[in-house]
Amino acid sequence: MNALSYALLSMLVRKPCSGYELMKLLQAFWQAKHSQIYPLLAKLEKEQLVTFEHIGQTGKPDKKIYSITEAGTAALREWIDKQPASLQLERDEFLIKLYAIGIAEPQTAIKLFEERREAMLERMHRLEAEMQLMESEPVEVTSYKSKQFGRYLLYQRRVRLLKEEMAWIEWVLPLLMQ
């Protein structure tokens with residue numbers, strides 16, 4: 001199985017989801033398209049790692065709500081226990097532009113960084129709102145045994161990384177204005 005398969009199983013440990021919901025949940029840490037997710041869900045179902053329930057909808061196509069099976073939970077646990085996590089690969093167009101920023105006009109460079117800061121701020125507000133929702137639930141999200149614990153840790157990490165990048169941008173901007 002590939003890492004995206006395990007990512008899908010990880011999402012389903014927390015709660016049953018449709019393919020669309022899985023894609024939205026994955027956006028916090030993984031970029032995956034419908035064309036990747038649905039074939040993998042079919043493969044996981046064939047391997048009896050997930051099951052699904054058809055939900056009829058009026059005015060829309062029926063949807064499938066996927067749940068992880070005991071075999072899926074065991075496969076996920078084995079992957080967590082025995083496979084070291086690979087190092088993060090980063091593909092960020094901004095960083096490519098940054099590498100050659102010296103050839104850009106100063107105003108273009110400033111605009112690039114200001115746009116990045118705005119995008120980071122928007123993403124951070126969205127994640128903070130999600131964390132507030134998690135924290136308002138009756139279950140303690142900061143408890144290791146909570147099904148929300150891993151998601152909460154992930155969102156905390158993303159917010160902290162965003163804050164660090166925004167602080168770095170604030171450090172860079174005066175350098176561009178010299």
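When a residue number appears, it is its place in the shown sequence, counting from 1.
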Minimum heavy-atom distance between [X] and [Y], given as atom pair plus value:
X: A32; Y: M23; answer: O-CG, 3.5 Å
X: M177; Y: I110; answer: CG-CD1, 3.7 Å
X: L76; Y: S10; answer: CD1-OG, 3.5 Å

Stepwise side-chain contact (heavy atoms from CB on, under 4.5 Å) test for L44 and L12: CA-CA 12 Å; L44 293 171; L12 293 171; 5.9 Å; no
Are there over 12 heavy-atom neighbours, none belonging to [X], within less than 6.0 Å of that residue's [atom1]?
X: E122; atom1: CD; result: no
X: E93; atom1: CD; result: no
X: E70; atom1: CD; result: no

Side-chain donor/acceptor of S67 to backbone N/O of T51, under 3.5 Å: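 A pair under 3.5 Å: no.
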Any donor-acceptor pair under 3.5 Å from T69 side chain to Q48 backbone: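 It does hold such a pair.
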Same apolar cluster: W168 and L176, side chain cutoff 4.5 Å: yes
4.5 Å side-chain heavy-atom contact, [X] and [Y]:
X: L121; Y: L162; value: no
X: Q83; Y: E78; value: no
X: H34; Y: I37; value: no

Aromatic ring pairing F113/F94, orientation class (parallel under 30°, perpendicular over 60°, tilted between):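 The arrangement is perpendicular - the two ring planes meet at more than 60°.
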F52 and H54 aromatic ring geometry - parallel, tilted or perpendicular at 30°/60° bounds: perpendicular
Note: R117-E170 ion pair, threshold 4.0 Å (strictly below):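 E170 and R117: salt-bridged.
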Pair K111 + E115, salt bridge at N-O below 4.0 Å: yes
Nonpolar side-chain network containing I55, other nodes, edges under 4.5 Å: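 I65, which link up through side-chain heavy atoms under 4.5 Å apart, make up the rest of the cluster.
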Residues that Y20 engages under ring-ring contact (aromatic ring centres under 6.0 Å, His included), provided they are two or more places apart: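 For Y20 there are no ring-ring contact (aromatic ring centres under 6.0 Å, His included) partners, ignoring immediate neighbours.
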Verdict with reasoning, E165 to R116, per salt bridge (charged side-chain N to carboxylate O under 4.0 Å, His left out): CA-CA 9 Å; E165 181 160 349; R116 180 72 167 203; 2.6 Å; yes
Audit row: E114, I169, side-chain contact (heavy atoms from CB on, under 4.5 Å) steps and yes/no: CA-CA 8 Å; E114 287 175 342; I169 289 170; over 6 Å; no
E164/R160 under salt bridge (charged side-chain N to carboxylate O under 4.0 Å, His left out): CA gap, chis, key distance, verdict: CA-CA 6 Å; E164 180 59 34; R160 290 168 190 243; over 6 Å; no
